[in-house]
Every structure is written in C-alpha cells, then in structure tokens.
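What follows is a single structure, written as structure tokens, with notes after it.
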Amino acid sequence: LFDLFNFIIRPPGVSSALCVRFSKHMGLMNCDFYAPTEVQFGTGLIASLPGLIRKLGGASVLLVGDEGIVKAGLMGRVSLVLAQAGIRTLEFTAIENDPSVQSVENGLAFARSHDCDLVVGLGGGSVIDSAKAIAMMLTHGGDIRSFFGLDKFTESGRPLIAIPTTAGTGSEVTMWSVLSDTENHAKVNMGSRLGFARYALLDPELSTSLPPHITAATGMDALTHAVESYVNKAANPFTQSVAERALSLIADNLRLAVMQGENLEARGNMLIASCLAGMSFNRIRLGLAHAFALPLGNRFGIPHGLVNAMMLPAVMRFNVPGNLHGYARIAELFGEPAAGRLRDRADSSVDAVVQLMKDIGLKQGLQDFGVEEQHFDAVVDEAMQSGNVPVNPRAPTRADMCELLQSSMRSMA
Ligand SMILES: [Fe+2]
C-alpha cells in the first residue's frame, strides 16, 4: 500500500510537528494533515510555563483571559507563577464571549504599547481565538479585516502558548479564529498555516470549576467537530483516526464531566477529545451544523456549543444516507450494537447522540432563542455561503436547509 503514497514529512527539525502529505492513485484522493502545535497533557502544567516562555525567547508576556477566568482565580494563579519566575507579564482580560474584532484590536494596541513579544491565551475558545489573532497581528500592520479568510498572513506571528480551560473548540491546535465583525454584522473566520500555537498545555485541573451547563455545551461543540469531520467528504485516514478517538472519549466521558465536575479523569479525557477533534477538522472543515452555527450565533446570540447541539441531531439524520459506514462506526463508538442492517446501525448514531444530550440536560431548541420561520431564508442564505457546506456528506438544497432549521426548532432530546 505504501507504494501508492508519496510521503513528505515537514517542517524539518521540529520533531513534534507532523505534516504528512500524500498523493493517492487508483481513485483515492490527495490530502494532508498538519498539526504543528506541541501538545503537553497533565496536571500542574502551569509550573512549566516560565520554562516554555524562556525557551521561546519571550521577554514581555501578554496574558489574555476573560472575566470568567479572573473570577475562577485562574488568571491570578498563572500571573503569580510568572511573577515568581521574574517574567514581565501584562494582563488583558477584556475579551467577551464571541469576541469582537474591536476587542482584538484593543488587545493588540495594549500589547504593542507594552512591547509584548509573546502571547499566552488562558481560557475557552473565545480567549484562545483572540490570543491567536493578537499574536498574528503583532507582526503584521494594517487592518485586521484584510486578513479575514484563509492564509492571508505572510509571516509567523509572535509565539503563542494556548492553555484551554474548556473542552470544546480545540482552538489550541487549530489555525482558526472566529470573530464577530460587529460593524458589518457578521461572524468571520480567520485562519493561517502560520497561526498555530507553539504549545498547547492541557491541564485537567483548570477545567474542574467549569459549571455543568457550559461543560455540556462546549462538550457538544467538540462532539460536533468529531462527527462532522469524521463523515465529511474531505475526511482522510489521518483526520479519521484522531476523530474516532475523540468520539469514543466523548461518548465515555462527557456525561461524567458534566455530572462530576471534579472528576479529573473525565475532565482530562474531554480535554484530549476536544484537542483531537480540533486536529481532525482543522484542514478539512466540518459540515452543516457548523454552516448554521455562524449565522444563528450571530443573529440570535446563541452560544456556539448550544447552536451545534441543537442542529446536530437533524443534520446527522439528514446526512446518514450520505455516509452509512461512517455513521454506523459512530454508533459503534457510542456503544450501540455492531450487528444488524447497516442502515439501522447508521441511524442508531443519531439516537445515541440524542440520548447523550438528554443525559446532560441539553433540551433547548432554536425556538427557545427567538428563532422563527420568518428568519429561515436569511439564515439559510448565509449558511449556504459557508465553506462547511461543500464538504458535507450530502449536498443540501435550500428546502433541505429550511427543513433542518424546522426540525431543530424543538429539541429531539
Ligand atoms: Fe465548533
């Protein structure tokens, strides 16, 4: 089989980075897998932060967090570790949920005024996405809007260390920042191969204070990443192998992480799962749930994880015929019987996800957030523009998209 592939491993000299590109023949498609962030997992990892900062040559650190991180005492803990190590640290915590372009610009101005040369992002996806954008813009002039989209940056940003405190977005290992462009009433993606964090520190102790409802919603974001990347048309053996592990970890641990917040094993497994799911979708995009997530999140202020949770069962049910084997495997990873007709096994993946949502208390539908039928056309217009639509395992019509919204008005859980 290896004769069929032409492997190139890069970048040279960075042993932790993995980039595999291969050409397939005989009808198999080309693909790549690029995961250059060094991931460290374990409890007490904050103690190693000063050493990593010195290794990266940082003399003045911008520590990015938000109000929740301050309240949870995590900002203070990290600041103290850095202060005790004699590292100059400037805190920037004015990051909101669904961060705006303006808050990134404010953080950037603050970092520039203090000559920060390294960024640490401590928090959930909003914080890490913002930290990523600030780190990139520190080495680029001009309007941040000119970098929206894919691969617009021309050089690396300042070194970034990402410390996730939620298990959801996988932002610590992806190249993407999702920002709210409030001036233009749009949510935008900004992604670059040059924009990965240098280190991702996954410490389960940092997520034990996360309340159950946020653990549930963020966990469903990770699950949606794993499901959508596993079955999409661009999936390849590298993305699928990490997605499979993410799926089984979420199936086995999300309930416990929600119901036993202090359970370090469940918290740790969920952090690993969201990180793997991030690696999986990073290059190949997602599917229809995420195509809807930006317009619905933007127009109705629905938290990202909840939008995905509300859309996922209907999207899965719609997609099953487009990838029977993929959905049957997902069902198996959720502990559904591996015997019987393929179609039935594939369908049971939806039941398994709905059961998980019931168990973790996610019972809201779109109507609970003010979505009405009169909004469907505008939402579908925007969703159809998403780069997540072409890779979805089943091509949707506008009528299909409206039906997906209709089916998600009330929870299936
Ligand atoms: Fe997501």
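Indexing begins at 1, ligand by ligand and atom by atom, following the structure's order. Counting from 1, the numbers follow the sequence of the chain as shown.
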For a quick test of your reading: what N or O donor-acceptor pairs under 3.5 Å do the side chains of residues 67-77 make, sequence neighbours left out?
residue, atom, partner, partner atom, Å
E67, OE2, K71, NZ, 3.2

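Between Y230 and Y327, the gap from one ring centroid to the other reaches at least 6.0 Å.
Aromatic ring orientation, F300 versus H375: perpendicular (interplanar angle above 60°, classes split at 30° and 60°). F153 and F147 have parallel rings, their planes meeting at less than 30° on a 0 to 90° scale where 60° marks the start of perpendicular.
Contact record, G305 with M220: O-CB, 4.2 Å, taken as the closest heavy-atom pair.
Protein atoms of type N, O or S found under 2.8 Å from the Fe ion (ligand 1) total 4.
A distance-only check finds a donor-acceptor pair linking the side chain of K233 to the backbone of P390 [under 3.5 Å].
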